[in-house]
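For this chain, numbers begin at 1 and follow the sequence in order.
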Amino acid sequence: MLRADTVTDRIAGTLTCAAFDHRLGGILLLDLRPDLIGGLASWLAATIGGPARIVTLGADDSDDTLWVTADAGLAPAPGRLPESPGTALIVVIPDLARANLAVTRAATVLIGADGAVADRHGLHAAWRPRARWLAACPAADAERLSPHLLDRFPVRVAAADLGTPARTPAELVAALDEHTTGLLPGLPAPAPLTGPPAVMTAEAATLVTTVVGGPAAPHRRDLALARAARAVAVSDRSATVEARHVHRAAELLGFRGTTTRPAAAPARPASPAHPAATRDDTATPPAQPGDVEIRTPARPDTPPVPTSVLAPGPGPATAARQPLYPEDSPDAMPDFAGLRVPWQRADGRRSTRGPIIGAEPSGRPVDIAYLATVLEAAKFRRVRHGAGAPLRIHASDLRSNRRQPQPDAALVLLLDHTSRRDWDVTAALAPYLGWAYTRRAAVSLIEIGHRDAGSELQAERRRLSGVLDPLLNAALDRAPARATPLAHGLDLAIQEMRLRRRNLPVRDGEAWLVVVTDARGNVPLEASQRNVMPRSVSRAGIDDALTVAAGGAGLRAVRTVVLAPPDLSHYRDLPFALADAMAGIVARPDGAP
């Protein structure tokens with residue numbers, strides 16, 4: 001009987017169900033150490049009991065390597081993902097949150113598909129997908145993934161507690177090189193399920209849809225739970241799937257559920273950036289692995305409101321355990337168009353910067369993909385020049401690198417935490433963060449005046465992966481300190497905007513410099529640069545800030561805005577003087593005096 005008492009039992013149970021039925025869907029292991037997933041793939045291959053091929057997809061995989069390759073004679077041959085009869089395929093993704101576009105697209109297309117066809121470079125391959133997909137991902141990054149991609153992984157296991165005993169470096173290297181289960185001694189011996197499939201009864205089928213969440217829940221979860229219940233029934237040597245098998249499968253897969261009327265959860269605090277979030281939230285608390293409780297789907301008439309960036313949650317010390325299905329939360333905020341190539345430049349200029357994601361035909365020798373060019377020329381060597389002739393490259397053979405488009409918009413955000421003592425700045429920042437989210441802008445963060453700073457006299461600069469970077473949430477929740485090195489922060493912000501404009505194809509008018517401050521700087525620029533406490537300040541900190549801000553007026557095609565707090569009881573003219581020096585504007589909350 002498959003058990004769900006510990007993390008090891010749940011992982012072994014879900015892998016056994018996947019070995020029994022390849023249609024179970026992708027398995028996503030949250031917070032699993034990436035070095036353990038290879039051993040789990042080997043354990044799954046042994047559980048299948050027949051010939052199996054393990055494919056690990058990494059950041060260097062592209063469409064050319066996934067779908068088509070070249071054989072010994074340089075003729076087109078099926079790539080890594082097309083399957084051959086008689087051999088089971090196990091696809092491993094060590095970190096789903098950092099998988100490239102080719103890998104995520106392949107997972108979205110193949111998992112759960114009835115048929116697959118690859119037509120590329122003259123090769124035609126057709127097969128019926130039967131691969132088992134195994135992926136790992138940090139729970140904190142899961143809500144940033146595309147909902148379509150997460151839907152292909154209906155089986156989730158919280159694997160943070162899956163540990164390994166201490167090993168010598170030699171034993172660790174040997175276990176990794178052999179790609180075996182040597183790192184996972186706690187797993188039981190592989191035991192394939194045998195026997196005819198169990199018959200699903202009407203009672204069990206009704207219970208499956210109820211446990212998952214009713215007709216509004218994603219249907220891949222219904223099917224995954226039903227197929228897992230059939231595997232549990234086979235392991236119990238039962239000819240039919242009964243209610244107890246469905247409950248055991250729900251425990252195995254981490255679904256909630258046994259009460260027919262869930263209690264209402266505490267109301268979610270209102271977000272000033274999204275008034276719609278102030279409604280009563282009747283959704284149940286986050287699911288915990290092993291819980292079994294029927295849950296009611298969210299009301300369809302209430303659209304989800306993304307507030308994860310605009311309403312920071314608890315810090316790391318008080319953060320609750322991440323749910324298995326973060327995409328169901330109304331606060332989920334996935335990457336914008338995560339399964340699409342970012343927008344290209346409209347002026348037709350081709351960038352030779354950015355990570356390489358493949359190769360494409362090119363009519364000119366610019367940014368040549370040398371290996372792809374040589375392979376293309378080698379295909380026609382015999383036809384053009386005969387056997388044994390030297391390799392010659394024609395213009396039609398030229399291939400250039402296909403690169404990931406770089407951001408064509410930039411946001412530099414300067415946060416003065418000392419000006420946010422009684423002011424929730426999230427509502428004021430919402431329009432700018434929303435713009436950066438939809439434009440996939442490059443985001444830089446400058447922080448001054450908070451208690452977690454390494455030096456209270458200096459500003460800190462960070463380059464974020466985007467608006468959804470957890471560092472931005474942490475920054476919006478920091479406690480203010482006493483020192484305000486505004487001049488140093490402005491200096492770093494202006495330098496950062498110049499670098500962004502110089503190194504990225506930022507369009508004119510698509511760059512924002514947002515300064516959140518009351519303009520009361522009390523640390524001179526020299527004190528910040530030397531990191532030495534000044535003996536006297538007077539107006540030196542303010543004058544240095546205005547002097548440095550004048551350099552921002554020379555930034556070409558950069559929009560500058562100063563967000564001032566609503567309560568300016570003292571020195572009301574300072575934010576306006578700062579904005580004038582930067583050739584920008586001052587924005588204040590509605591109703592501010």
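- Put simply, CG on L145 and CZ on R98 are 10.0 Å apart, with the number rounded to the nearest 0.5 Å.
- Using a distance-only test at 3.5 Å, with no hydrogens or angles considered, a donor-acceptor pair links the side chain of R132 to the main chain of A19.
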Problem set entry | Verdict with supporting geometry, D95 and D141, side-chain contact (heavy atoms from CB on, under 4.5 Å) | CA-CA 10 Å; D95 193 342; D141 296 338; 5.5 Å; no

For this session: Please lay out, stage by stage, how V157 and L32 fare under the test side-chain contact (heavy atoms from CB on, under 4.5 Å).
Result: CA-CA 9 Å; V157 179; L32 177 74; over 6 Å; no

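- Considering CG of L57 and CD1 of I93, their distance stands at 5.5 Å, rounded to 0.5 Å.
- No donor-acceptor distance shorter than 3.5 angstrom exists from the side chain of D222 to the backbone of T209, with no hydrogens or angles considered.
- Tested against D151 for a salt bridge (Lys or Arg N to Asp or Glu O under 4.0 Å), the candidates R221, R156, R220 yield a single pass: R220.
- Taking CG from L225 and CZ from R227, the interatomic distance works out to 11.5 Å, rounded to the nearest 0.5 Å.
- Nearest heavy atoms, A107 versus L149: CB-CD1, 4.0 Å.
- No more than 12 heavy atoms of other residues, nucleotides or ligands shown are found within 6.0 angstrom of CZ on R130.
- Put simply, the side chain of L15 does not reach to within 4.5 Å of the side chain of T47, judged on heavy atoms.
- The shortest distance between side-chain heavy atoms of R144 and P470 falls below 4.5 Å.
- Side-chain contact between P129 and E83: present, with at least one pair of heavy atoms (C-beta onward) separated by less than 4.5 Å.
- Residues L66 and A102 come closest through the heavy atom pair CD1-O, 3.6 Å.
- Note that OG1 of T426 and CG of L433 are 9.0 Å apart. Values are rounded to the nearest 0.5 Å.
- Across R80 and T56, no two heavy atoms sit closer than the pair NH2-O, 3.1 Å.
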For this session: Show your reasoning for whether side-chain contact (heavy atoms from CB on, under 4.5 Å) applies to W133 and L96.
Result: CA-CA 11 Å; W133 289 71; L96 188 62; over 6 Å; no

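- Remark: side-chain polar atoms of Y437 are not paired, donor with acceptor, to backbone N or O of G466 under 3.5 angstrom.
- Looking only at side-chain heavy atoms (C-beta outward), D408 and R439 come within less than 4.5 Å of each other.
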Problem set entry | Candidate pair D236 and R244, rule salt bridge (Lys or Arg N to Asp or Glu O under 4.0 Å), full reasoning | CA-CA 11 Å; D236 198 24; R244 57 190 178 92; 2.6 Å; yes

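- At a threshold of 4.5 Å between non-hydrogen side-chain atoms, the residues L28 and L150 count as touching.
- H22 contributes atom NE2, which lies 11.5 Å from atom CG of L89 (distance to the nearest 0.5 angstrom).
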Exercise. side-chain contact (heavy atoms from CB on, under 4.5 Å) between S146 and T104: does it pass, once the steps are laid out?
Worked result: CA-CA 9 Å; S146 166; T104 55; over 6 Å; no

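- Nearest approach of L472 to V467, heavy atoms of both residues: CD2-O, 3.4 Å.
- Between the OG1 atom in T206 and the CE atom in M200 there is a gap of 10.5 Å [rounded to 0.5 Å].
- With R230 contributing its side chain and A226 its backbone, the two residues share no donor-acceptor pair below 3.5 Å.
- Shortest non-hydrogen contact noted between T108 and R152 is O-NE, 3.1 Å.
- L44 is not listed as a side-chain neighbour of I27, based on a closest heavy-atom distance of 4.5 Å or more.
- Put simply, the side chain of I11 does not reach to within 4.5 Å of the side chain of W43, judged on heavy atoms.
- The heavy-atom pair separating V211 from A250 by the smallest distance is CG1-CB, 4.0 Å.
- Side-chain contact between T16 and S235: absent, with no pair of heavy atoms (C-beta onward) separated by less than 4.5 Å.
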